[in-house]
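Below is one structure, written out as structure tokens; comments come after it.
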Amino acid sequence: MKLNERSLAFYATCDSPADNAGFLYKRGERHTAYHRRWFVLKGNMLFYFEERDSREPVGVIVLEGCTVELCDSAEEFAFAIRFGGTKSRTYMLAAESQAAMESWVKSLSRASFDYMRLLVRELEKQLEEMCWRPDGGCGGCQQSPGSWKPKPSGPKRSPERLLGLPTILPKENGCAVWNNTPGADRPPDTSGCGGHDGEGNPRPPPLPPRRRASSSETGSAGVAAAESPSTFCWLHEQYGREVARLQQDWLERRCGP
């Protein structure tokens, strides 16, 4: 496997968080003596430096296809990283304490992508079993394993409630004259015939035709506007009564005699 030395050196010394770091004693490949080195574990790569403040690593160990196990050695708290194959190298390391050795063995054993793949598969299997059990944590969903889907969040809205949402209100003379929302103010239906369509929803009557004011009425309205400051309120009340009357007439004609 070819590795880019500059990329590895940058990754080893960048500010990305390390999974584990500390001093370990490493036995040489040719000489059996142990040398104290600074080790940094990032992902599945174990870098080692001559000193803690070194700018570049001395070497790197790619932790794929290997096993981490304790071993007998002249040094205390020793463990080994073994790779499969007849010509593969075995790295002999030693920690400074029992706690440090246990921490490094655990971190190195969980650093490979093979371990992460097995962990993800095991978690997926547990999730499928929880969904399959009637008393599982998914609310007792009776679904086959592998068919689990996340439920949409938010309150469920019924179609009946959606039908009653208010629509755009028609306007006459700049003022709304009808509201089709349930419970809105409307004149009572004294004819006994409910104004509903085929689906049972309230249906408003059609708008009354716009009445054109004659020249005499326009002149009288102008005089009234000049005489009284509350002309708008008076006109609003007069037109409101006329709209209510036209609406009542329409309901009576619609329901019949």
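Remark: Gln98 pairs with Glu102 by the side chain to side chain donor-acceptor pair (under 3.5 Å) rule, at least two apart or across chains. Not counting sequence neighbours, Arg55 has no partner by the salt bridge (charged side-chain N to carboxylate O under 4.0 Å, His left out) test. Residues that satisfy the side chain to side chain donor-acceptor pair (under 3.5 Å) test with Thr32, not counting sequence neighbours, are absent from this structure. Residues meeting the side chain to side chain donor-acceptor pair (under 3.5 Å) test with Arg82, sequence neighbours left out: Glu69. Partners of Arg121 by side chain to side chain donor-acceptor pair (under 3.5 Å), not counting sequence neighbours: none found. For the side chain to side chain contact (heavy atoms under 4.5 Å, CB included) test, residues two or more places apart in sequence or in another chain that qualify with Glu124 are Val120. Remark: Ala94 pairs with Tyr25, Tyr34, Glu75, Ala78 by the side chain to side chain contact (heavy atoms under 4.5 Å, CB included) rule, at least two apart or across chains.
Among residues at least two apart or in separate chains, salt bridge (charged side-chain N to carboxylate O under 4.0 Å, His left out) pairs with a member in residues 27-38 are Glu29-Arg89, Arg36-Glu96. Applying the salt bridge (charged side-chain N to carboxylate O under 4.0 Å, His left out) test to every pair with at least one member in residues 105-117, sequence neighbours left out, gives these pairs: Asp114-Arg117. Residue pairs meeting the salt bridge (charged side-chain N to carboxylate O under 4.0 Å, His left out) criterion with at least one partner in residues 57-67, sequence neighbours excluded, do not occur; the list is empty.
In the hydrophobic clustering, Val105 connects to Leu24, Phe39, Leu41, Leu46, Tyr48, Val58, Ile61, Leu63, Val68, Leu70, Phe77, Phe79, Ile81, Phe83, Tyr91, Leu93, Met101, Trp104, Leu108, either directly or through intervening members, whenever side-chain heavy atoms lie under 4.5 Å apart.
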Just distance, no hydrogens or angles: give the donor-acceptor pairs under 3.5 Å from side chains in residues 13-20, sequence neighbours left out.
unit_1, atom_1, unit_2, atom_2, d
Thr13, OG1, Ala9, O, 2.8
Ser16, OG, Lys42, NZ, 3.0
Asp19, OD2, Gly43, N, 2.9
Asn20, ND2, Ser103, OG, 3.4
Asn20, ND2, Ser107, OG, 3.2

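Between Leu235 and Glu237, the closest side-chain pair of non-hydrogen atoms is not below 4.5 Å.
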* Would Glu56 and Phe49 satisfy side chain to side chain contact (heavy atoms under 4.5 Å, CB included), going step by step from the backbone distance to the final call? -> CA-CA 7 Å; Glu56 293 184 358; Phe49 303 77; 5.8 Å; no
* To do: I would like to know whether Phe47 and Trp38 meet side chain to side chain contact (heavy atoms under 4.5 Å, CB included); could you show each step before the answer?
  => CA-CA 8 Å; Phe47 301 93; Trp38 176 258; over 6 Å; no
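Using a cut-off of 4.0 Å between Lys/Arg side-chain N and Asp/Glu carboxylate O, Arg253 and Asp249 are scored as not salt-bridged.
How far CD of Glu129 is from CH2 of Trp132: 12.0 Å, rounded to the nearest 0.5 Å.
Residues Ala12 and Pro57 come closest through the heavy atom pair CB-CG, 4.1 Å.
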